[in-house]
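Below you'll find the structure, written out as C-alpha cells, and then a few comments.
Per chain, numbering begins at 1; letters A, B, ... match sequence-line order. Note that the coordinates shown come from a computational prediction; the quantities given were computed from them, not determined experimentally.
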2 protein chains.
Amino acid sequence: MGKGEATRERILEVAEAAVLAKGFGATSIEEVIAEAGLTKSGFFYHFRDKNALAREMLRRYVDTNDRLFDDIFARGRQLSDDPLQAFLISLKLLAEVMADLPNGHPGCLIASICYQERLFDREVRDLTAQSVRDWNARFRGIFDGIAAVYPPKEAVDLDDLADMLSCIVDGAIILSKTLNDPRRLERQILIFRSCVKLMFSGPTLS
Amino acid sequence: MGKGEATRERILEVAEAAVLAKGFGATSIEEVIAEAGLTKSGFFYHFRDKNALAREMLRRYVDTNDRLFDDIFARGRQLSDDPLQAFLISLKLLAEVMADLPNGHPGCLIASICYQERLFDREVRDLTAQSVRDWNARFRGIFDGIAAVYPPKEAVDLDDLADMLSCIVDGAIILSKTLNDPRRLERQILIFRSCVKLMFSGPTLS
DNA sequence: GGAAAACTGTACTCGCGGTACGGATTGTTG
DNA sequence: CAACAATCCGTACCGCGAGTACAGTTTTCC
C-alpha cells in the first residue's frame, strides 16, 4: 500500500464517522482534513469533490458489509446442515455482532444517502440501489433454500421476506439512534428471527 | 386563523417537501422563501433560525401522523370487534393509504432528522424520541388487547413487536426510496401483517 | 384611526465548497 | 545519483447560503 492510498483510507475513515454522526451535508471538508491531519489541497488531490468522497465511502461501506455477511452466513452453514437452522443461527450471530458494537451501530450509509439524494450524482445513487439489490438477492437465495425443505406457511412472497430483513435492520438502526438505545437493534433482529421460524417451521395454517 | 399563521403554514409545507426530497442540510432557506413567496426578512420574522423551522416541521409532521393513525385504527375497531381482526384490517388500510400516495411516501421526517442529529438542538431530538415512544406505546396497547384474547406463540416480547412496526415502515420507506419502487412499502406492511397473524392466530408451537 | 402584526429592503458578516496555481517533499526507477 | 512522478503544502481567491441588524412599509384588527 502506497502512502497515498493510506492517506485516502484515513480520510475515508474520518469522513465515514462524521457523516454517520451528522449527515453528509453537515460534514465539512475542513473538519475532516483537520481530523485526518492534512490540508485542503491534499484532500482535493485525492478526491475531485464531495461527490467523489461519497462514492468511495460507499464502496468501502458496501465492501465491509459484504465481508461481514459472508462471514456470518458462512459460519451459519458451517454450524448446521439444515438451511433453516443455519439461517436462524446466522441471525443470532448477526444480532450478537450488532449488540457488541460499543456505541451502538454507527448508522447505515445507504439510509444516510437516501435522505440526501439530491446532493449526489447518478453514479452514487445507482451504487446504493445496486448494493441493496445484491443484499436482497443474497437473502432471497437463502430463503429459496429454506423453502425447498420447509414449505412456507401462508402465501409469503420470498422476495418480500428478503426485503424485510433489510427493512428491519435499517429501521432498527433509526429506532436505536433516535431513542439512544443500542439494544433495540439486537432485539429487532431476534424478533425477525422469530417470524422466520414461525413462517417455516410451524404447522400449516388454514 | 391570522395571516401570519397562514404564512407559517405555507413555509412549513414548502420546507417539509424540500427536506424530505433533499435532506435538511441541502435545503436552503432561500429556495424555500422563493417557493413560498416571501423575503428573507419575512422568514426570520416567523422562525428564529433553521432549528426553529425544524422544530415546527416536526410538530406538524407528528400531528399529521397521529391523526392518520387515529383514523386508521379507529376504523379497524369499527369494522371488527375482535382486537386481532381489527388490527389486521387496520394494517391493510395502512398499506392501502401508503400505496395510494402518488409519488411514493415522501419520507419519514424522524429518519431524516435522525441522520442529521448534530444539526439540531436538544429540544428537536427530544421531540423525535418522544413521538416515537408515543407511537410504539400506542401499538403496544393494541397488542396487549390482542394478547388478552389470543395467547401469542413463542416468547414474543410485545414491546419489540410494537417497535417492529415502526422499524418496518421506516426501513421500507428507505428501501422504496433507494430502489425507486413505491410499492415496496405496501408489501412490507402486508408481510408484517402476515407475521402478526402467524404469531397470534396460528396453533401453538412446541 | 391607531397600535400591533406582518412583512420588505438593504447591507453586511462568516463559514464552507471549490478553484487555481506555484512550490516543496517524498518515493521510485533507470 | 539523477530525474521524474506522486504526494502534499500555502495562499489567495470566488460564490453561495445562513444569519444579523435595522429602518421603513404595509396589513390586519380592535
I need the CD1-P distance between B/Ile33 and C/dG9, as an integer number of Å. 11 Å

Gap between atoms NZ and C1', on A/Lys40 and C/dG18 respectively (whole Å): 7 Å

A/Phe87 and A/Phe143 aromatic centres sub-6.0 Å: yes

Can you measure B/Phe44 atom CZ to C/dA6 atom P for me and round it to whole angstrom units? 18 Å

Whole-Å distance, A/Asp49 CG to C/dC16 P, equals 18 Å

At under 4.0 Å, does any side-chain N or O of A/Thr7 touch on OP1 or OP2 of D/dC8? yes

Taking only side-chain N and O atoms of A/Tyr45, does any of them lie within less than 4.0 angstrom of OP1 or OP2 on D/dC8? no

Can you tell me how far P of C/dG18 sits from CZ of A/Arg48, to the nearest Å? 10 Å

Rounded off to whole Å, could you give me the CZ-to-P distance for the B/Phe24 and D/dG17 pair? 16 Å

Partner of B/Arg140 under salt bridge (Lys or Arg N to Asp or Glu O under 4.0 Å), picked from B/Asp163, B/Asp160, B/Asp159, is B/Asp159

Would you mind telling me which of C/dG17, C/dC7, D/dG17 lies closest to the side-chain atoms of B/Lys3? C/dC7

Scan B/Gly42 against the nucleic acid and name what it touches under 4.0 Å (heavy atoms): base, sugar-phosphate only, or nothing. base

Please determine whether any donor N or O and acceptor N or O are separated by less than 3.5 Å between the side chain of A/Thr39 and the base of D/dG10. no

Are the aromatic ring centres of B/Phe43 and B/Phe47 under 6.0 angstrom apart? yes

Short side-chain to backbone donor-acceptor contact, A/Ser90 and A/Ile72, under 3.5 Å: yes

Distance check needed: D/dT7 C1' versus A/His46 NE2, whole Å only. 6 Å

Under-3.5 Å donor-acceptor pair between A/Lys50 side chain and C/dG18 base: no

Atom-to-atom span, CD of B/Glu30 to C1' of D/dT20 - whole angstrom: 14 Å

By nearest atom, which of the nucleotides C/dG17, D/dG10, C/dC7 is closest to the A/Ser41 side chain? D/dG10

Passing candidate, side chain to side chain contact (heavy atoms under 4.5 Å, CB included) with A/Asp170, options B/Ile173, B/Ile174, B/Ile168, B/Thr178: B/Ile174

